[in-house]
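None of these values were measured; they are calculated from a predicted model. Indexing begins at 1, ligand by ligand and atom by atom, following the structure's order.
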Amino acid sequence: MTNADGTAPRAPLSSWPTPLEPAARLGLRLGLGPDDLWIKRDDLTGLGGGGNKVRKLEFTCGQALAAGATTLVTCGAPQSNHARLTAAAAARLGLDAVLVLAADPGVPHGGNLALDGLFGARVVWAGPVGEAELGARTAAVADELRAGGEIPALVPFGGSSPLGALGYARCARELLTQAPDLDTVVVALGSGGTMAGLVSVLGAHRVLGVHCGAVEDPAGTVGALLSGMAGPDGGHPDAGELRVRHDQVGAGYPVLTEPVMAALTLAARTEGVVLDPVYTGRAMAGLIAAVCDGDVRPGHRTVFLHTGGLPGLFGHPDTLARAAEDLTGR
Ligand SMILES: *Cc1c(COP(=O)(O)O)cnc(C)c1O
C-alpha cells in the first residue's frame with residue numbers, strides 16, 4: 001500500500017496550484033450554463049513544456065532521489081509526453097535520462113522527440129513493439145546501466161503507479177479548494193494514473209475518464225492502480241463503478257478522428273485554448289458527447305482537466321495539415 005502523499009518524498013518540479021479558469025463561452029456552446037464549465041490548467045505545469053506527467057514525476061523522482069539514482073529510465077510511444085517530461089525532470093534534477101521508445105529511428109523527429117533531444121536524453125529505439133516487449137526492453141536497459149556502474153530508477157509507463165498517482169490525489173485536493181461544489185471532472189484516460197489519483201480523493205462518481213486507446217482495459221487499469229492506493233475512507237470503488245467512456249478511440253490511439261478535430265477547433269475558437277489530438281482532444285470530444293447523452297448536465301459544476309500535450313500536436317502531421325486547411329480555405 002502506497003503511503004498518503006504527506007509521507008512520500010516529493011521532488012518539487014513546478015509551482016502549485018495550477019489555475020482553475022472559467023470557460024463560459026465553451027460551456028454555452030456545449031449546452032451548459034454560463035458558470036458551469038471550468039478548465040483546470042494542468043497544461044501550465046511549468047517544467048519542460050508542461051502537462052499532467054509533471055505531478056506524477058514529483059513522486060516518482062522523489063523516490064528515485066531518495067534511492068540515490070543517477071539515471072531515470074522510462075519508455076513510451078515516440079510522441080510520448082511522459083518520456084519528454086521525464087527527460088526534462090532529469091535535466092532539472094541533475095540526472096541522466098534514457099528513453100526506450102517503441103519506434104524505429106527513422107520516425108519523424110518533430111514534436112516531443114525534438115524536445116527529448118533538447119533535454120539531452122539518450123533514446124533507445126525498440127522498434128514498433130507491443131507493451132510487454134517494450135517493458136522487457138526497458139528492464140534490460142536498466143540492467144545494462146547497473147552493470148556499467150549507474151544507479152537507474154525505472155519510471156513506469158506513463159508515470160502510472162500507485163506512487164505516481166499520488167500526484168493526482170494532490171491535484172484533487174487542490175481542486176476541492178478551488179471548486180468545493182465540484183460535480184464532475186472530465187479527464188483523458190491513458191495509462192490511468194491521473195484518473196486513479198483523482199478517484200482516490202473525489203470518489204468514482206465525480207470523475208469521468210475518456211479512454212484514449214493507450215491500454216487494453218482502461219477501467220481495469222485504473223482499478224488496479226487504485227487497489228495499491230489509500231482510498232478516501234479506506235475503501236475502493238470496483239472497476240465497474242468507474243465512469244469511463246469508450247466512444248472516442250476511433251481507429252486507434254495515434255489516429256485523428258472527426259469529433260476530436262471538431263473539439264480542438266471549438267476549444268481554440270471559443271477560449272483560445274489548444275488541445276492535442278491524442279488525449280485532451282479525445283477528452284473534450286467525450287465531454288461533448290456526455291452533454292449530448294445527459295451524463296453531464298447543465299446546472300452542475302464541471303471541470304475539464306487540461307492535461308497538456310501541446311508538443312504532441314506539433315508531432316502530429318494530420319492535425320497540422322487539418323489546421324492549416326483553414327488558412328487557405330477561406
Ligand atoms: C499521458 C497523458 C494523459 C493521460 O494520463 P494517464 O495518467 O496516462 O492516464 C492525458 N493527457 C496528456 C496530454 C497526456 O500526456
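Residue-ligand proximity, Ser160 to ligand 1, at heavy-atom distances under 4.0 Å covers atoms 7 (O). Atoms of ligand 1 lying under 4.0 Å from any heavy atom of Ala188, numbered from 1 in the order shown and given with element: 4 (C), 10 (C). Close contacts of ligand 1 with Lys56, meaning ligand atoms under 4.0 Å from a residue heavy atom, involve 6 (P), 7 (O), 8 (O). Atoms of ligand 1 lying under 4.0 Å from any heavy atom of Gly190, numbered from 1 in the order shown and given with element: 4 (C), 6 (P), 8 (O), 9 (O). Taking a cut-off of under 4.0 Å to the non-hydrogen atoms of Gly309, the atoms of ligand 1 that pass are 13 (C). Interface atoms of ligand 1 facing Gly308, defined by a heavy-atom separation under 4.0 Å, are 13 (C).
Of all the listed residues (Asp43, Asn81, Asn52, Asp42), Asn52 holds the heavy atom that lies closest to atom 5 (O) of ligand 1. Considering only non-hydrogen atoms, atom 10 (C) of ligand 1 lies nearest to Thr307 out of Thr307, Val215, Leu310.
Between Arg55 and Glu58, no side-chain nitrogen of the basic residue sits less than 4.0 Å from a carboxylate oxygen of the acidic one, so the salt-bridge criterion is not met.
Rounded to the nearest 0.5 angstrom, Thr265 OG1 and Asp326 CG are separated by 6.5 Å. Atom-to-atom distance recorded for Arg301:CZ and Leu175:CG is 11.5 Å, nearest 0.5 angstrom. Note that CG of Asp42 is 10.0 Å distant from CG of Leu20, once rounded to the nearest 0.5 Å. Rounded to the nearest 0.5 angstrom, Arg29 CZ and Leu266 CG are separated by 5.0 Å.
Of the N or O atoms in Lys53, one or more lie within a sub-3.5 Å distance of an N or O in ligand 1.
No option in His306, Lys40, Arg41 other than Lys40 meets the side chain to side chain donor-acceptor pair (under 3.5 Å) test with Thr18. When each of Thr194, Leu208, Val210, Val222 is tested with Leu189 by the rule side-chain contact (heavy atoms from CB on, under 4.5 Å), just one qualifies, namely Val222. The side-chain contact (heavy atoms from CB on, under 4.5 Å) with Leu37 is formed by just one residue from the set Leu32, Val291, Leu28, Val296; it is Leu32.
Atom 8 (O) of ligand 1 has its closest protein heavy atom at Ser191 OG, 2.6 Å.
Gly51 does not count as a contact of ligand 1, since none of its heavy atoms falls under 4.0 Å from the ligand.
Residue His82 does not touch ligand 1, judged by heavy-atom distances below 4.0 Å.
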